[in-house]
**Student:** 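The following block contains the structure, expressed as structure tokens.
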There are 2 protein chains.
Amino acid sequence: MTPLQSNTRDKIVDAAMELFAYNGYGPTGLSEIARKAKVQQGSLYHFFPTKEELLAAVLERRKVLLWPEVLQEIWDRFDDPIERVFKLLDQYRMMLQVTEFSHGCPIGNLAIELTESHPNSRRLIAENFDNWLKAVEQCFHEASRRLPDTADPRRMAIFVLTTMEGAVMLARTYRDFRAYDAAISSLREYIEGLIEAGTSWDSRKKPASRRGDRG
Amino acid sequence: MTPLQSNTRDKIVDAAMELFAYNGYGPTGLSEIARKAKVQQGSLYHFFPTKEELLAAVLERRKVLLWPEVLQEIWDRFDDPIERVFKLLDQYRMMLQVTEFSHGCPIGNLAIELTESHPNSRRLIAENFDNWLKAVEQCFHEASRRLPDTADPRRMAIFVLTTMEGAVMLARTYRDFRAYDAAISSLREYIEGLIEAGTSWDSRKKPASRRGDRG
DNA sequence: GTCTATACAACGATAGAC
DNA sequence: GTCTATCGTTGTATAGAC
């Protein structure tokens with residue numbers, strides 16, 4: 001009912017968001033969140049009766065931040081949709097490098113930690129993945145002129161996401177980029193293979209369907 | 001110095017292994033482990049002075065179990081190395097199905113939970129990945145006659161692992177197999193594309209026979 | 001809406017009898 | 001090597017004054 005959003009609430013969500021990404025949800029104590037947010041622990045319970053409601057607010061905020069904090073700069077700087085996808089993968093690589101492998105994918109981390117034990121949060125995690133997938137799917141949709149008719153933008157987006165999540169997991173485990181770079185280069189090979197197939201025997205594409213498929 | 005391995009120790013490691021896979025390392029209490037193993041909590045500290053030493057024993061045991069519990073049956077039933085890889089991926093799918101998405105990859109879970117906070121265990125987790133990668137790499141090495149010379153078995157194995165880990169993560173989050181199946185089908189498309197490339201412009205490669213042993 | 005004090009449970013780890 | 005009792009800490013959540 002208050003017309004103005006309380007600043008305290010935002011500080012709490014921001015602090016929790018960072019700590020959940022860094023330490024995980026379970027290991028992060030509410031007192032730690034209050035300390036980092038520089039609010040009193042009582043305020044915390046004023047806005048979020050339970051820890052899991054705070055988690056929900058964090059996951060809602062992550063959904064909002066996908067565009068301004070993850071995609072926007074890349075989308076502004078690069079117009080080519082395929083390039084956008086690989087710049088996005090570069091960005092996760094840079095994040096690993098800058099943080100010395102201490103930050104992984106904040107959504108992927110919570111997915112593994114919480115899907116089983118916190119069914120309510122599972123849905124919000126899925127929505128975060130959904131939005132990410134939609135953005136990447138849109139890239140492949142926009143590049144469809146270069147791709148075979150059989151190429152499925154949604155399926156390609158899923159492949160990009162699974163590769164990224166797996167690659168981040170291995171980079172953090174090995175604390176180097178060998179596996180990460182290997183996975184991304186295979187993904188690139190796959191997508192460039194599709195582009196080749198899409199432009200070679202189909203260079204004047206899109207008028208309608210044509211035969212000529214595999215074999 | 002005891003010539004005979006204590007049975008109590010094994011019971012503890014087995015119970016801990018299962019609970020760590022199911023609930024994670026942090027959320028699993030030592031009393032819970034003792035209860036499940038049906039030993040007294042004192043015994044636990046007799047064999048493992050700290051919880052992290054028990055974790056190390058669990059991760060060492062996972063390394064030992066890779067062959068008999070994950071690979072052997074598939075390797076026995078299927079000779080074709082490419083088929084072995086995809087049957088392995090099928091097996092993770094079946095595990096998800098049988099456990100109703102409650103079990104993911106036990107190593108991947110611990111990787112994300114512990115790489116940052118438990119540097120000592122990180123090395124053992126990496127060794128588990130290494131052994132898995134070696135087994136899959138060996139498959140692609142054995143199939144090299146069907147693959148282009150440029151194909152790198154190690155890099156392909158990494159791609160299989162990242163895809164599997166990402167696919168398991170999404171399956172558990174969505175609690176259905178749409179993303180899992182999409183990712184695996186893209187991976188299959190990638191690998192079959194390599195096989196096509198390997199046999200088309202190179203069909204008389206490597207003197208050995210390579211004629212229909214599929215199925 | 002802020003702040004202090006505290007209830008109540010669970011945790012990892014330890015001591016010491018047997 | 002087994003078992004019980006318990007220490008000291010930390011966790012989430014609450015109560016109630018202001």
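Each chain gets a letter, A, B and so on, in the order its sequence line appears, and its residues count up from 1.
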**Student:** Going by atom types only, do Thr173(B) and Arg122(A) share a side-chain donor-acceptor pair under 3.5 Å?
**Tutor:**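 No - no donor-acceptor pair under 3.5 Å links their side chains.
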
**Student:** Whole Å only: how far is the CG atom of Leu54(B) from the P atom of dA13(C)?
**Tutor:** 10 Å

**Student:** dA13(D) P sits how many Å from Phe47(A) CZ, rounded?
**Tutor:**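 About 17 Å, once rounded to whole Å.
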
**Student:** Would you call Trp132(A) and Ile107(A) a side-chain contact if the rule is heavy atoms closer than 4.5 Å?
**Tutor:** no

**Student:** Among the candidates dA13(C), dT12(D), dT2(C), find the nucleotide nearest to the side-chain atoms of Lys51(A).
**Tutor:** dT12(D)

**Student:** Nearest whole angstrom, please: distance from the C1' of dA5(C) to the CD of Gln40(A).
**Tutor:** 12 Å

**Student:** Could you check how far CZ of Arg9(A) sits from P of dT2(C), rounded to whole Å?
**Tutor:**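 Spelled out: CZ on Arg9(A) to P on dT2(C) is 13 Å.
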
**Student:** I want to verify a distance call: between dA13(C), dA13(D), dT2(D), whose nearest atom is closest to the Gln41(A) side chain?
**Tutor:** dA13(D)

**Student:** Side chain of Thr8(B), heavy atoms from C-beta onward: which of dT2(C), dT2(D), dT14(D) has the nearest atom to it?
**Tutor:** dT2(D)

**Student:** Among dC3(D), dC11(C), dT12(D), which is the nearest nucleotide to the side chain of Leu30(A)?
**Tutor:**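 Minimum distance to the Leu30(A) side chain belongs to dT12(D).
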
**Student:** What does Gly42(B) touch in the nucleic acid at a heavy-atom separation under 4.0 angstrom: a base, only the sugar-phosphate, or nothing?
**Tutor:**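 Base contact.
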
**Student:** Side chains of Asp130(A) and Tyr174(B): do they bring a donor and an acceptor to under 3.5 Å?
**Tutor:**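 Checked: Asp130(A)/Tyr174(B) side chains pair up, N/O donor to acceptor below 3.5 Å.
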
**Student:** Heavy atoms from C-beta onward define the side chain here; which of dT14(C), dG1(C), dC3(D) lies closest to that of His46(A)?
**Tutor:**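 Looking only at side-chain atoms, His46(A) lies closest to dG1(C).
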
**Student:** Is a donor on one side and an acceptor on the other found under 3.5 Å between the side chain of Ser186(B) and the backbone of Ala182(B)?
**Tutor:** yes

**Student:** Nearest whole angstrom, please: distance from the P of dT2(D) to the NZ of Lys38(B).
**Tutor:**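 Taking atom P of dT2(D) as the reference, NZ of Lys38(B) is at 17 Å.
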
**Student:** For Tyr25(B) and Glu52(B), does a side-chain donor sit closer than 3.5 Å to a side-chain acceptor?
**Tutor:**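 Not at all, the side chains of Tyr25(B) and Glu52(B) share no donor-acceptor pair under 3.5 Å.
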
**Student:** To the nearest Å, how far apart are Leu44(A) CG and dT14(D) C1'?
**Tutor:**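 Going from Leu44(A) (CG) to dT14(D) (C1'), I get 14 Å.
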
**Student:** Establish, with yes or no, whether the OP1 or OP2 oxygen of dT12(D) is under 4.0 angstrom from a side-chain nitrogen or oxygen of Thr50(A).
**Tutor:** no

**Student:** It should be established whether Ser43(B) places a side-chain nitrogen or oxygen under 4.0 Å from OP1 or OP2 of nucleotide dT2(D).
**Tutor:** yes

**Student:** Of the listed nucleotides (dG12(C), dT2(D), dT2(C)), which one gets closest to any side-chain atom of Tyr45(B)?
**Tutor:** dG12(C)

**Student:** Rounded off to whole Å, could you give me the CD1-to-P distance for the Ile33(B) and dA10(C) pair?
**Tutor:**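 From Ile33(B) CD1 to dA10(C) P: 16 Å.
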
